[in-house]
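These notes are about the structure you will find just below.
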Amino acid sequence: MKQSAMFGPAGFPTSFFDTKKYKKNRVNAAEWLHDIGLDILELQMVHGPRTRPEVAEQHREKAEEFGVNFSIHASYYCVLSSVKDDVVERSFASLAKTAELAALAGASRIVLHPGTTAGGRENALGRFITNMQKFVANDLPDGVHIYPETAGKVNSLGSLDEILTICREVPSCRPCVDFGHLHCRQLSELETDNGWTFTKPEDYIVAMDHLKANLRPEQWEEMHYHISPIEFTPKGEKKHRDHGELISEEDADPMFGKPGDPWLPVAEHFARALALTGYPAWVISEAADSMDRGALAMKKTYLSTTEDTE
Ligand SMILES: [Zn+2]
């Protein structure tokens with residue numbers, strides 16, 4: 001059986017540091033993934049690309065040894081949509097450094113938040129695209145791609161439409177679709193939002209068919225996803241919940257579900273949709289300090305659904 005979907009955590013959960021064998025040392029990430037049966041890990045450089053080059057090289061060696069892959073989440077302070085020239089300059093430098101480390105680590109995917117909509121959404125989108133085109137032409141190593149991510153906050157740049165526009169204008173970009181984020185944009189009245197909710201496996205198939213229809217084949221083949229159960233307000237994302245966490249009496253709200261229901265979106269629903277379609281995906285669980293459990297639950301659902309349908 002060909003496994004077209006890969007699963008893994010966003011960074012390192014407490015359980016990694018609690019296991020003696022790995023000596024709290026992140027260079028043992030690949031071995032840990034292999035031991036617990038996961039395929040990928042998203043290295044978090046969200047406060048800046050501070051990983052030492054030797055460590056990045058060790059990541060590549062270990063990834064090859066243990067047959068796993070890495071992606072990288074770029075810094076939150078990398079804001080290519082900014083109206084401020086100094087911010088854009090610093091963002092270029094940070095992203096270039098991240099891309100260099102990605103090449104050393106053998107990580108082919110860098111996830112990036114498109115950033116602010118200050119100065120108006122249309123203008124911000126235009127600036128992001130122009131700056132990204134410049135970056136790709138000058139500073140992107142071979143074999144590395146940038147993945148602008150859908151935003152959880154409605155006021156940030158990154159509705160699904162905006163991400164697809166970026167990928168149309170900058171063909172070497174690919175989308176990072178965060179289903180938690182799309183789910184919590186459901187109350188948004190923006191023209192570029194579609195009010196999607198993710199309550200069952202079929203909802204993901206509709207969304208993926210839309211992606212497939214709107215991307216170049218090489219972009220579609222290298223799709224990247226994030227997922228986590230999420231609490232939100234009309235403005236969007238409020239906080240990530242734990243994998244498998246149930247809605248308490250106190251948190252109950254018709255918008256989220258009944259007390260005792262799981263917080264949405266449910267990662268296993270997405271895994272089932274992937275198994276039913278065979279669509280290509282790298283899927284990163286961003287559940288709050290349970291991203292390893294989230295990824296493992298998805299892989300289990302994926303493999304058992306694939307067996308049932310064969
Ligand atoms: Zn995300």
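Bear in mind the structure is a predicted one, so any value in this text is a computation, not a measurement. Whatever order the structure lists them in is the order used to number ligands and atoms, beginning at 1.
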Atom of Asp178 nearest the Zn ion (ligand 1) (restricted to N/O/S, atom name only)
OD2
Apex the Zn ion (ligand 1) - arms OE2 from Glu149 and ND1 from His226 - angle rounded to 10°:
90°
Of the N, O or S atoms in Glu286, the one nearest the Zn ion (ligand 1):
OE1
Do Lys200 and Asp203 sit within salt-bridge range, that is, some charged N less than 4.0 Å from a carboxylate O?
yes
Cation over ring, Arg109 on Trp282, under 6.0 Å and within 45°?
yes
Between His73 and His113, does the side-chain hydrogen bond (donor to acceptor under 3.5 Å, both in side chains) criterion hold? Intermediate values first, please.
CA-CA 9 Å; His73 198 303; His113 291 183; 3.2 Å; yes
NZ/Lys235 to OG/Ser156 distance, rounded to the nearest 0.5 angstrom?
12.0 Å
Is there an N/O/S atom in His73 that lies less than 2.8 Å from the Zn ion (ligand 1)?
no
